[in-house]
Amino acid sequence: MSRDHVQSPQRSARAAATGAEAPFLEFLARGASADAYEQPVLVARAEGLPPERIAALEQAKRLALRVRSEMEGRRRREAELSALFETAHDLAGLRDLDAVLQAIVQRARSLLGTDIAYLTLHDEAEGDTYMRVTEGSVAARFQQLRLGMGEGLGGLVAQTARPYVTPDYFNDERFQHTRTIDGGVRDEGLVAILGVPLMIGPQVIGVLFAADRRARVFEREQIALLGSFAALAAAAIDTANLLTETRSALDRLARAHEIIRDRSGVIERASDVHDRLAELVLRGGGVHDVAAAVSQVLDGTVEFAEADVTPAAALEASRAEGHAVRHGDDWIAAVAAGGELLGALVLRGHPGLDPVDQRTLERAAMVTSLLLLARRSAAEAEQRVRGELLDDLLDARDRDPRLLRGRAWRLHADLDATHVVLAARLDGAAADADQEASARRRLWSAASHLAATRHGLAAARDGGTVLLLPLDPGDTATTLARRTAGQLGTAVHEPVTVGASAPVENLADHPDVVGAAYAEGQRCLDALGLLGRAGEGAAAEDFGFLGLLLAGDRDISGFVGRTIGPVVAYDERRGTDLLHTLDAYFACGMSPARTKDELHVHVNTVAQRLERVGRLLGDDWQSPARALEIQLALRLHRLSSPARP
C-alpha cells in the first residue's frame, strides 16, 4: 500500500476542517443567538456533505459556543461591576433622591435580567406601604398598589427583615394573600418574585423587588446582589433624610450662627469623604485605600480587619444594628454583604465621634463590602476558568495546541514550561457531610489561590484537588510536593497530603500526558496514606524501588542512578571494580571473608573497597532497606548493561 493511500484519510479530515470555522466566527462577530450556531450543521446534513465535513462543523460549533459563553460571562461580570460602581458614585454625589432610586431599580432589573423591578417604602402616617419606584411595569393598578403591614410577600420580608423568594407567587402559602394585592400582581402577570429588605439600622423602611412573568429560581449570588442594591437604596434614603434633617436644623437654628457653621463643616467633610470613596471605587482602589482615605477625613487611624481577629460581640452588634459601635476607645463598623460577615473597619483610639463622622465610617464599610464582593466575583470567575482548562487537559478534550496555549496565556500560564501534576486531599476526619463539603471547598479555594500566584492551574476532582504547577529551575517534584502540602495545610488549617508526578513537558502539543501524570500523582497520594504519612508531600522518586511501581513511565535508569549512581560513576572514572565487589559481597551473605575468596583478593582489599562504597552511598548503605534497594539496583544495572566480552 502506498504512503499517499495511507495518509489520505488524514488529508480528508484536514480538508473537511478547512473553512469549518468561518460561519461560526461570523456568528461570534455579529453576536448571533445560540440557535443560529446549529444552522451550518443542519444545512451540511441536508446537503449530504461527507461525515468528516459534518464532524468538523460540529467541533467548530462546540468551540464557538464555548467562546460565546465565556464572552457572555465576561460581559455579564463587567456589567455587574459597572452597575455597582456607578450606583456607589451616584450615592456619593447624591443630589436627587428619586433619580438615585430610579437608577438603582433600573440597574437591579438589568443586572438580574428580570421583567420588572420595583421598590416600596413604609408610610408611617398611613401605617401601610406604597410603591415608590417601578421599572418595567405595564399595569396601572399594580403601580398604584398600597400594601397593609404584613400583607403579601413584601409584608413577610418587612416582618422578618430577611430576603424571601417565591418561584410561583399564587401557589405560595407562606405569606398572606389579599384580593387587592393578588389582583395587581395578576394584572402585571408576575410569577416569580424576589424581595429583599431596605434597612436603616434594625428598622425595615421598605422592600426592593425583582420579578419575572415566568417561573424562575433565583440563585444565591443574585439574592446577595439585590441585597447590595437594597443597601445602597437604604443608604440613599438615609442620606436624603439626613440632608433634610440638616436643612431643618439650619432653618430652626438660624440665629445660632456658630452652630450652623460647625454643622455645615461636618456635612462638607462627609460629602468630601463620599467623593473620595467614589473616586477610589472608580479607579479600582482596594480596601486598604478606603481605610487610608477615611483615616485622613476622620483624623484618626482606620484599619480593615478580618472577621476572626475582630472582637466578636462588637462585630455582631454592628452587623445587627447596621451602625458603627463603640468598643473601648475604638469604633467598629461591620463589613457585611447578604448576611455574610467579611470583616470590619476599625477606627483606633477615637472614643469621641460625631454622628456624621460615625455615618462616614459606616458608608466606608458599605463601600468596602462592595469592593470585596467585586474582587471575590472576579476571583471566582478566574478560578472557574482555570479549573475548566485543567479539566480539559486532564480529559484531553481539547487537542488544538494553539487554542490551549491561548487559553493558558490569558491566565498567565505557560503550557510550554516544565510542569508537575499534584493530587491533594484533606486527611482530617469531618464530623458530617456538610463539614466535609465545606473543607473541600476551602481546599479548592486555597489551591486555586496558590495556582494563580504560581501561574498554574487548579481544579476539584475525585473528592480532592488537582494542581498543575510550573517547576522552577533547580527544583524537583519532591520539593514542590512538600512545599505545596505545607502551603495548603497552612491555608486550610488542616493536614493536606500531596502526591506528585514526574515532571511533564509540551502539554499543549501532548495534552494526554496530563491525565497520565495525574494518575501517577494519585498513586503517590495513596502510597502516602498507606504508609501513614498524612499531611506530607512526595513524588515517586521518594519511595525507592516502590517508586518503580508508582511511576507512570517505570524510570529504571533513574532508580539505578539515584541508588548506586555514585558507585557507577566512580568505577567509570577510576577504572575500579566496586560494582563487582558489591555483587560478590551480597552474594556471599555480606561476609567479607567469603567475599575475598570469591574475588581472590586479600580481606583488607575487600574492607577498603567497602569503605569506599560507604563514603559514596552513605553510612546506612548496609541497613536492610538500603541493602534491598542496592541489590535491586545492581541487578537492574547488570540487566540493562551490555554483556562483557
Side-chain angles (χ1 to χ4, degrees), residues 420 471 473-483 485 499-503 520 523-524 526-533 536-645:
V420 172
L471 190 65
D475 217 346
T476 66
T478 296
T479 55
L480 181 58
R482 292 174 180 171
R483 186 166 59 248
S501 73
E520 180 179 334
R523 289 194 293 272
C524 292
D526 293 337
L528 286 171
L530 291 173
L531 295 173
R533 294 170 58 184
E536 297 184 22
E541 63 187 28
D542 299 310
F543 294 93
F545 70 90
L546 289 177
L548 293 176
L549 304 178
L550 298 173
D553 57 0
R554 303 294 189 269
D555 185 12
I556 293 175
S557 61
F559 169 73
V560 172
R562 290 191 298 271
T563 307
I564 61 172
V567 178
V568 174
Y570 188 86
D571 276 353
E572 291 176 351
R573 289 197 311 269
R574 303 294 183 89
T576 54
D577 208 8
L578 297 183
L579 287 177
H580 184 49
T581 301
L582 275 176
D583 271 328
Y585 179 64
F586 286 119
C588 293
M590 302 176 71
S591 168
R594 290 199 295 271
T595 303
K596 61 98 174 171
D597 294 334
E598 176 71 20
L599 298 176
H600 306 292
V601 297
H602 195 274
V603 68
N604 288 340
T605 302
V606 174
Q608 292 171 359
R609 292 180 181 178
L610 296 180
E611 182 181 355
R612 172 63 64 183
V613 169
R615 287 200 293 270
L616 292 172
L617 299 183
D619 294 337
D620 65 338
W621 71 277
Q622 297 187 70
S623 65
R626 288 289 308 280
L628 178 59
E629 290 188 359
I630 292 171
Q631 290 178 71
L632 178 58
L634 287 169
R635 180 164 297 185
L636 292 173
H637 178 70
R638 189 164 55 249
L639 292 174
S640 61
S641 300
R644 294 186 178 183

Inset, instruction - Could you list the residues that satisfy salt bridge (Lys or Arg N to Asp or Glu O under 4.0 Å) with E611, not counting sequence neighbours? - result: R615

Inset, instruction - Nearest 0.5 Å please: distance from the CG atom of L599 over to the OG1 atom of T605. - result: 9.5 Å

Legend entry - Which residues share a side-chain hydrogen bond (donor to acceptor under 3.5 Å, both in side chains) with R574, sequence neighbours left out: Y570

Legend entry - Residues forming a side-chain hydrogen bond (donor to acceptor under 3.5 Å, both in side chains) with T476, sequence neighbours excluded: T479

Inset, instruction - Taking all non-hydrogen atoms of both residues into account, name the closest pair between A477 and S501 and its distance. - result: CB-O, 3.4 Å

Legend entry - Atom of D475, atom of L480 and distance for their closest heavy-atom approach: OD1-N, 4.1 Å

Inset, instruction - Any chance you could measure L610, atom CG, to T581, atom OG1, to the nearest 0.5 Å? - result: 7.0 Å

Inset, instruction - List in chain and number order the residues that pass salt bridge (Lys or Arg N to Asp or Glu O under 4.0 Å) with D571, two or more places apart in sequence or in another chain; answer none if no residue qualifies. - result: none

Inset, instruction - Not counting sequence neighbours, which residues clear side-chain hydrogen bond (donor to acceptor under 3.5 Å, both in side chains) with S591? List them please. - result: none

Inset, instruction - Using salt bridge (Lys or Arg N to Asp or Glu O under 4.0 Å) as the criterion, list what pairs up with D620, not counting sequence neighbours. - result: R626

Legend entry - Evaluation steps, side chain to side chain contact (heavy atoms under 4.5 Å, CB included), between R612 and T576: CA-CA 11 Å; R612 172 63 64 183; T576 54; over 6 Å; no

Inset, instruction - Look up atom CG in L582 and atom CG in D577, then write down how far apart they are to the nearest 0.5 Å. - result: 10.0 Å

Inset, instruction - With sequence neighbours left out, write down each residue that passes side chain to side chain contact (heavy atoms under 4.5 Å, CB included) with Q622, or none if nothing qualifies. - result: Y585, M590

Inset, instruction - Could you pull out all residues at least two apart from H600 that satisfy side chain to side chain contact (heavy atoms under 4.5 Å, CB included)? - result: none

Legend entry - For A500 against V420, the heavy-atom pair lying closest together: CB-CG1, 3.8 Å

Legend entry - Sequence-distant partners of T595, side-chain hydrogen bond (donor to acceptor under 3.5 Å, both in side chains), two or more places apart: none

Legend entry - Pair listing, salt bridge (charged side-chain N to carboxylate O under 4.0 Å, His left out) test, anchored in residues 591-608, at least two apart: none

